[in-house]
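When a residue number appears, it is its place in the shown sequence, counting from 1.
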Amino acid sequence: MQSAQSPHILVVDDAPEDIRGLIQALRTQPWQVTLATTAQQGYQRAQLLVPDLILLDVRMPGMDGFALCRLLQELPRARETPVLFLTSASSPEERLEGLNHGAVDYILKTCEPAELLARVRIHLRLSRRAALPDPVTDPTPNRDEVVLRAAMRLIGKRLADTFTLEEIAAGVGTYDKRLSAIFRERLGMTVFAWIREERLRRSRELLTETTLGMQEIAENIGFRSACNFTTAFRERLGVTPSQFRKAAKEGAVAEAAHRGR
């Protein structure tokens, strides 16, 4: 018997017939179960319905489950919703990618219905969404803003990696020309210009907050060598990384001395 207070489960899977037994098991519980058969449909229903938990497939045509999970992380109405991957994608790399992008659990489709129900119950119980402000009061960003935030977050997590525009776009459920247009319209720069700025911003943090050497910093933020990093840093900021670090350290010492008076 369902009520208005029954937990709402959204299942996103392009081949629901493959998990018919699991869906039937979910429907034996006092839960509302809604099905979406594409990632795009899942995005729309997550935004509209604000479910209490999302079961998400990984391998879907068009936009995959990882891309959808990244977009959901940028939606005020959905970012606190527990996402559990329910998938046949079983490699360790896929499991780690799913968990690193915000999912709270990773379940294989071969699991027994009883195991799925137990995991769903656990995450519904752990979820503290009821204690959060009403998500309806949060401003809802439009799709371009969500894609921009998701792309920036994805790039920020992978600054050391080399990837193409097409790979970034696919990672947030869009295509390369649209992603380029979004960055130009919203930020006034290309995707790769923003990546360069973000790498240099991160380098300033590493220079002031760590004792890492120049080669280590270069590798951490995606430059091929300390020489390339130093050249880019000096062109952008007018000083070398070493000079910047020295000035930052001297400034911190002076501030500490002033406070000690």
For [X], all residues meeting side-chain contact (heavy atoms from CB on, under 4.5 Å), sequence neighbours excluded:
{"X": "R95", "result": "Y106, L108"}
{"X": "A39", "result": "M60, M63, L68"}
{"X": "E205", "result": "R201, R202, E209"}
{"X": "R20", "result": "E17, Q24"}

Atom [atom1] of [X]: over 12 foreign heavy atoms under 6.0 Å:
{"X": "Q41", "atom1": "CD", "answer": "yes"}
{"X": "K157", "atom1": "NZ", "answer": "yes"}
{"X": "R153", "atom1": "CZ", "answer": "no"}
{"X": "R184", "atom1": "CZ", "answer": "no"}

Atom pair [atom1]/[atom2] of [X] and [Y] - distance to nearest 0.5 Å:
{"X": "I195", "Y": "I168", "atom1": "CD1", "atom2": "CD1", "result": "4.0 Å"}
{"X": "L148", "Y": "R186", "atom1": "CG", "atom2": "CZ", "result": "7.0 Å"}
{"X": "T211", "Y": "L206", "atom1": "OG1", "atom2": "CG", "result": "10.5 Å"}
{"X": "D52", "Y": "I54", "atom1": "CG", "atom2": "CD1", "result": "10.0 Å"}
{"X": "Q73", "Y": "E80", "atom1": "CD", "atom2": "CD", "result": "8.5 Å"}
{"X": "K109", "Y": "D13", "atom1": "NZ", "atom2": "CG", "result": "3.5 Å"}

*Could you tell me how the ring of F223 sits relative to the ring of F229: parallel (under 30°), tilted (30 to 60°) or perpendicular (over 60°)?*
tilted
Atom of [X], atom of [Y] and distance for their closest heavy-atom approach:
{"X": "L200", "Y": "A232", "answer": "CD1-O, 4.1 Å"}
{"X": "L207", "Y": "M214", "answer": "CD2-CE, 3.7 Å"}
{"X": "A25", "Y": "L117", "answer": "O-CD2, 3.7 Å"}
{"X": "V146", "Y": "P141", "answer": "CG2-CG, 3.6 Å"}
{"X": "P241", "Y": "T230", "answer": "CD-CG2, 3.7 Å"}
{"X": "A46", "Y": "L72", "answer": "CB-CD2, 3.7 Å"}

_Check whether R70 reaches the backbone of A151 with its side chain - one donor and one acceptor, N or O, closer than 3.5 Å._
no
*asked:* Between R149 and L75 (side chain of the first, backbone of the second, donor and acceptor by atom type, cut-off under 3.5 Å), is there such a pair?
replied: no
Are [X] and [Y] side-chain neighbours, meaning at least one heavy-atom pair lies under 4.5 Å?
{"X": "R121", "Y": "Q29", "value": "yes"}
{"X": "N220", "Y": "L159", "value": "no"}
{"X": "L124", "Y": "I9", "value": "yes"}
{"X": "P51", "Y": "T34", "value": "no"}
{"X": "L84", "Y": "V104", "value": "yes"}
{"X": "R125", "Y": "I122", "value": "yes"}
{"X": "L53", "Y": "W31", "value": "no"}
{"X": "F244", "Y": "T208", "value": "yes"}

ILVMFWY network linking [X] to [Y], side-chain heavy atoms under 4.5 angstrom:
{"X": "L187", "Y": "F192", "answer": "yes"}
{"X": "V58", "Y": "V83", "answer": "yes"}
{"X": "L99", "Y": "L86", "answer": "no"}
{"X": "V50", "Y": "L10", "answer": "no"}
{"X": "V11", "Y": "I107", "answer": "yes"}

_Between D57 and T87, do the side chains contain a donor N or O and an acceptor N or O under 3.5 Å apart?_
yes
*Does the side chain to side chain contact (heavy atoms under 4.5 Å, CB included) test come out yes or no for R236 and E197, once each step is laid out?*
CA-CA 9 Å; R236 180 67 179 82; E197 288 297 312; 2.8 Å; yes
*Chi angles and distances behind the side chain to side chain contact (heavy atoms under 4.5 Å, CB included) call for R59, E94*: CA-CA 10 Å; R59 297 169 181 165; E94 287 168 316; 2.9 Å; yes
*With sequence neighbours excluded, residues passing ring pair (Phe, Tyr, Trp, His ring centres under 6.0 Å) with F66*: F85
_Show, in sequence, the C-alpha distance, side-chain angles and deciding distance for R245 and T210, and conclude whether the side chain to side chain contact (heavy atoms under 4.5 Å, CB included) test is met._
CA-CA 10 Å; R245 171 176 272 173; T210 76; 4.0 Å; yes
*Please test V239 against F233 for side chain to side chain contact (heavy atoms under 4.5 Å, CB included), starting from the C-alpha separation and ending with a verdict.*
CA-CA 7 Å; V239 296; F233 193 96; 4.2 Å; yes
*Does anything in residues 169-182 pair up under side chain to side chain donor-acceptor pair (under 3.5 Å), and if so which pairs, sequence neighbours excluded?*
D144-R178
